[in-house]
Amino acid sequence: PGTRRLGPRRRRCDAGALSDLYRDPPFAWRFPGAGRRVHRIFRGNVLRVTHDREAALLEANLSAPKWNRSTVVSSDHHFLKAVLCNAGVRASGLFPPDALEAQRAVGAYLLRPAPGVAAATTDALEVAGGCAVGVHLRKKGDDWSADNIWPRLREMVRARPGGLLVGADGPSTWLKRKIEELAKRDGVAVVAAAPSRAGPAVDALVENYLLAACAALIPTRPSTFFSVAAVRASAREDVRAVVACPQAAAQASPFDGRPVPCLFEPTCPAAGAALPPAQFERGSVVDYKPHSGQQQQEKRYATPANTSSARRVYAELGRSVAHLPPPPTAHDAAALVSDVVSHKYGLAVLGGRVFARRGLASKSLEHVRILLDATRRRGVRNVVVAHDSSADGSCQRADAGEGRALPTTLIAKRRGTESEPCGVLVPNPYWGSYDQTQKRASRLDAAAASRPWESRDPRAFWRGHIREPGAQCQDHKHREAQGQACSREDRRCAGNLARFEGVTLTLRWPRLFDVKASSIHKTWRHAGPLRTRGCAPTGDAAATIPRLDAVVDDEHHAHEVYASYKQLLHFPGSTTGSYSRNLNHLWGTGAAILIWNHSAAEFYYPGLEEGSTHLVVDAATAPRVANRVLEDRALSDRLRAGAAAVRRDLVCPECLATYTAAALAALRAHHGQDAILDDAATLRAALRGANCSGFVKYAAAP
């Protein structure tokens, strides 16, 4: 009592208990004095092998004293591949050239399951009728929702014979329990063995053999437990086609819908080449953290490269980052950092903390919250940018707009990416944090699942505001007297005019449209003021002005209501005619998406494809297109599948966090900021003379 343990807690290792796990190999394998402390046996003659020393094994002389002694391996079984790929071992011809085949052979020779393990595995598979899908959950916190995962996982299980196996580490037990509850509710067999009297080590080994027996294996985070099972399962060609690089077959993850990447390089590197990175060798579906062999100074986040939509999004990211030339020298990079911090929109991520000017506007404040979330979840490295949260933001410049262009992030480009190449697009602040996006997605999934296509309202639905369309021309009376048109204020007219013409569709085509406004500014009720603003609607739409009261609906409609319609209409924003937050939640409703023709772009728009993800309409084409969606089932099915793919591949919670981190990492690398921001003395020197007034640290709410 009163004492405190200073060293690590020692664990007793009973070598005799290994007989409960494995049969003895055909040689005497136990070292003398198996019960004594390890360091007393080795007496300091120990070589510790970690990931950073695996590469040395490739060309090492393993018979040399340095290697030919007692060894403690502090890496996962990727160490075995380093030994198998050793030049001397390869020359001996002892093992097959295929690393997966060789590892399976070594395992079959040394690690034959004990009779109790084999029997428990067989019994569990017989009870469940086999294993269709095996999932291993690792370090999954409350940012995961079982209700969101289960619909995709259920579909995957039902496509194969057998039940569902869910393996989990301690922090993920809660999620395993919830998924298994949902499986039992829906009549899906859960693959599980009865607890062993021999202890939890036997239970874990049985679960590993069960995982290897599943038709499809799904990882979440890098895990030796999963890798061991995947290597064993790779004896089956269908599994090998997914886990071996290059992949011969694709398999989507039920967690985010993105493809599961290949995991193992089955061939040894060529002479003089480097060993592939440690498990996972090519990254995992979620939360990949690189091991040695990759560049540790930057975290890499795999994009779904075999998804054409994602490739287009990331290609545009690369083009926009490269639009500004990189600083030619370290001095220029330091000066650029100073200019960004001095700018009124300057924003910095330093040491996992976010800094910006005091008194941010609401949208900028929401962006800071997203950055804090991304920094916590994605480990965003030190970076500085100018961020413009306005709907028609532009590339910012130093010296009050008179100096050079700065690395800038924007939430939208009103005239599109081709007309506005400068500036890097990032998610708009209305997506919210990871947790907010996840909860919204779960609610929409449930709402969409509860409303089959046949039972939905066939009309195209929209709700929103129609605001004042800008100021009238100063000389409108003179212009009218001269028969001249009044030039309109595009920023305030375009979006509101589109919305006005949209609500009039309901008055003219009530069978096809339920498009109404929560409020309509009084200007739109009189043709004269609209003409003086250069914002007069077309003749057919103008004729409906006396009946506008019929298309005003001030009732609030939750996002789940949208899932009860077959078609959803999207209009440009009312403030500047740029993006509108309305589109954020439409992709997950199970409806066909109709987008009013406009030029604005958000970060994921390069991944959209008209005719597959949505259809573009205007006042003239909307009735014909809406009717076609209702009459052509193949078209509606294609549009619904395309919209679901957008939600799954481009704007899922993981997608948004990964893209945000990737955009900031790309800006950091392109502008050479690592050399300035990662060294405290260099950063202090760069900021001498910078205007840091009002630059404060922002913290997440507790």
Side-chain angles (χ1 to χ4, degrees), residues 316-350 354-361 363-365 367-368 371 382-429 489-491 575-579 599-603 660 663-677 683 685-696 698:
E316 177 56 37
L317 170 61
R319 283 192 293 270
S320 60
V321 168
H323 177 73
L324 295 181
T329 66
H331 176 76
D332 293 310
L336 187 61
V337 166
S338 177
D339 285 344
V340 173
V341 172
S342 300
H343 194 276
K344 64 178 180 179
Y345 292 157
L347 186 151
V349 178
L350 298 171
V354 177
F355 298 84
R357 289 292 185 277
R358 182 183 289 110
L360 290 178
K363 285 201 297 185
S364 296
L365 192 60
H367 180 70
V368 167
L371 281 187
N382 298 336
V383 62
V384 296
V385 297
H387 178 72
D388 189 345
S389 281
S390 59
D392 58 347
S394 59
C395 207
Q396 299 300 302
R397 292 185 172 274
D399 302 327
E402 301 298 324
R404 60 179 164 182
L406 303 175
T408 306
T409 53
L410 309 169
I411 62 175
K413 294 183 178 181
R414 186 167 64 92
R415 292 181 294 275
T417 55
E418 292 186 4
S419 298
E420 302 178 52
C422 189
V424 175
L425 288 169
V426 294
N428 72 64
E489 188 179 357
D490 280 328
R491 294 176 69 253
T575 304
T576 66
S578 181
Y579 86 103
S599 60
E602 295 186 70
F603 85 94
T660 300
L664 294 175
L667 285 165
R668 163 187 159 91
H670 182 74
H671 294 285
Q673 295 183 0
D674 53 335
I676 311 302
L677 303 179
L683 176 58
L687 294 182
R688 290 193 186 103
N691 178 16
C692 297
S693 61
F695 213 58
V696 297
Y698 281 80

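Note that these values count all heavy atoms, side chains included, but never hydrogens, waters or copies made by symmetry. Predicted model only: the values in this text are computed from it and were never measured. In this chain, numbering begins with 1 at the start of the sequence shown.
- Looking at residues two or more places apart in sequence or on another chain, you find a side chain to side chain contact (heavy atoms under 4.5 Å, CB included) between Ala333 and Pro327, Ile676.
- For the atom pair OH of Tyr345 and CG of Leu360, the computed distance is 10.5 Å after rounding to the nearest 0.5 Å.
- Rounding to the nearest 0.5 Å places OH of Tyr698 at 10.0 Å from CZ of Arg357.
- Atom OG of Ser390 and atom CG of Leu410 lie 7.5 Å apart (nearest 0.5 Å).
- Here the rule is side chain to side chain contact (heavy atoms under 4.5 Å, CB included) with Tyr579, and of Arg414, Glu602, Lys413 only Glu602 fits it.
- The two residues Gly346 and Phe695 make their nearest non-hydrogen contact at O-CE1, 3.4 Å.
- Each of Leu324, Val424, Thr408 was compared with Leu667 under the side chain to side chain contact (heavy atoms under 4.5 Å, CB included) criterion, and only Val424 meets it.
- Among pairs with a residue in residues 340-349, none fulfils salt bridge (charged side-chain N to carboxylate O under 4.0 Å, His left out), at least two apart in sequence or across chains.
- Closest approach of Val696 to Arg358, counting heavy atoms only: CG1-NH2, 3.2 Å.
- There is no side-chain donor-acceptor pair under 3.5 Å between Asp339 and Ser342.
- Looking only at distances, no side-chain donor or acceptor of His671 sits under 3.5 Å from a matching main-chain atom of Pro326.
- Contact detail for Leu425 and Ile411: the closest heavy-atom pair is CD2-C, 3.8 Å.
- Within the model, atoms CG of Leu406 and CD of Gln396 stand 7.5 Å from one another, a figure rounded to the nearest 0.5 Å.
- No side-chain donor from either of Asn382 and Gln673 sits under 3.5 Å from a side-chain acceptor of the other.
- Here the shortest heavy-atom pairing between His387 and Val426 reads CE1-CG2, 3.9 Å.
- Nearest heavy-atom pair, Val340 versus Ala386, reported as atom, atom and distance to 0.1 Å: CG1-N, 3.8 Å.
- Of the possible polar contacts, one joining the Asn691 side chain to the Ser693 backbone as a donor-acceptor pair under 3.5 Å is found.
- No side-chain donor-acceptor contact under 3.5 Å links Ser389 and His367.
- Note: Cys395 SG to Glu420 CD = 10.0 Å, rounded to the nearest 0.5 Å.
- Rounded to the nearest 0.5 angstrom, Leu317 CG and Phe603 CZ are separated by 10.0 Å.
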